[in-house]
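Written out below as structure tokens is the structure these notes cover.
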Amino acid sequence: MRCRAASRPGLVAPWSRWVDTARWGRMADVPPRRRTDPADGRAALQAWRADPDGVPVALRRTAVRFALEELADVAPGNAVEVRVPPDGAVQAVEGPRHTRGTPPNVVETDPATWLALVTGAERWSAAVAAGRVHASGERADLSGLLPLQAARTR
């Protein structure tokens with residue numbers, strides 16, 4: 001099987017595992033998704049804890065993305081989409097995978113609420129009751145996963 005992208009230098013086809021390795025040689029797989037350095041993520045969380053209202057936007061975004069990545073590590077899967085606009089989103093929790101349109105299990109909240117949840121400053125039930133977390137679907141209850149161990153004070 002031939003791959004047009006394989007004949008062009010610098011291009012890596014996502015389907016490279018199907019390329020005829022006898023002819024083209026070993027192709028590199030698509031690089032893994034970039035992750036936040038844990039030290040940077042914990043430092044951003046610490047800065048947010050020190051001054052939630054005054055933390056710079058870049059640090060807040062780093063803290064949110066780090067927490068989302070940690071959630072995906074703790075509960076791998078594609079059944080629930082966790083959205084924290086405008087800072088990030090991740091799919092997590094085992095279960096049926098959705099492929100098109102709006103997923104059946106969605107959790108959406110603002111960055112401040114998300115960081116309060118993952119650090120343990122706020123309880124899941126209180127945030128849902130106050131309307132700061134919108135959770136839809138049978139698998140969208142993250143109360144058993146929060147707060148995250150990686151987000152706790154060390």
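Only heavy atoms go into these numbers, but all of them, side chains included; no hydrogens, no water, no symmetry mates. No experiment lies behind these values; they were computed from the predicted model shown.
- Taking every heavy atom of both residues into account, T109 and P85 meet most closely at O-CD, 3.4 Å.
- From L145, atom CG reaches atom CH2 of W124 across 9.0 Å, with rounding to the nearest 0.5 Å.
- Across P86 and R61, no two heavy atoms sit closer than the pair CG-NH2, 3.7 Å.
- Contact detail for A127 and L117: the closest heavy-atom pair is CB-CD2, 4.1 Å.
- Annotation for L148 and E70: closest pair CD1-CB, 4.0 Å, computed over non-hydrogen atoms.
- Between the CZ atom in F66 and the CG atom in D40 there is a gap of 9.5 Å [rounded to 0.5 Å].
- Shown here are the side chain to side chain contact (heavy atoms under 4.5 Å, CB included) partners of A92, two or more places apart in sequence or in another chain: L71.
- The salt bridge (Lys or Arg N to Asp or Glu O under 4.0 Å) test applied to D73 returns R35, not counting sequence neighbours.
- Checked options N78, L142, V107; the residue passing with V93 is L142 (criterion: side chain to side chain contact (heavy atoms under 4.5 Å, CB included)).
- Partners of R60 under the salt bridge (Lys or Arg N to Asp or Glu O under 4.0 Å) rule, at least two apart in sequence or in another chain, are D87.
- We find the OG1-CZ distance between T36 and R42 to be 11.5 Å, quoted to the nearest 0.5 Å.
- The nearest pair of heavy atoms linking W48 to A116 is CH2-N, 3.5 Å.
- Evaluation of the side chain to side chain contact (heavy atoms under 4.5 Å, CB included) rule for S136 yields V106 as partners, not counting sequence neighbours.
- Shown here are the side chain to side chain contact (heavy atoms under 4.5 Å, CB included) partners of A43, two or more places apart in sequence or in another chain: there are none.
- When all heavy atoms of V55 and L59 are compared, the closest pair comes out as CG2-CB, 3.7 Å.
- Every residue meeting the salt bridge (Lys or Arg N to Asp or Glu O under 4.0 Å) condition with R83, not counting sequence neighbours, appears here in chain and number order: E81, E108.
- Scored by the side chain to side chain contact (heavy atoms under 4.5 Å, CB included) test, A112 finds D110 as partners (sequence neighbours excluded).
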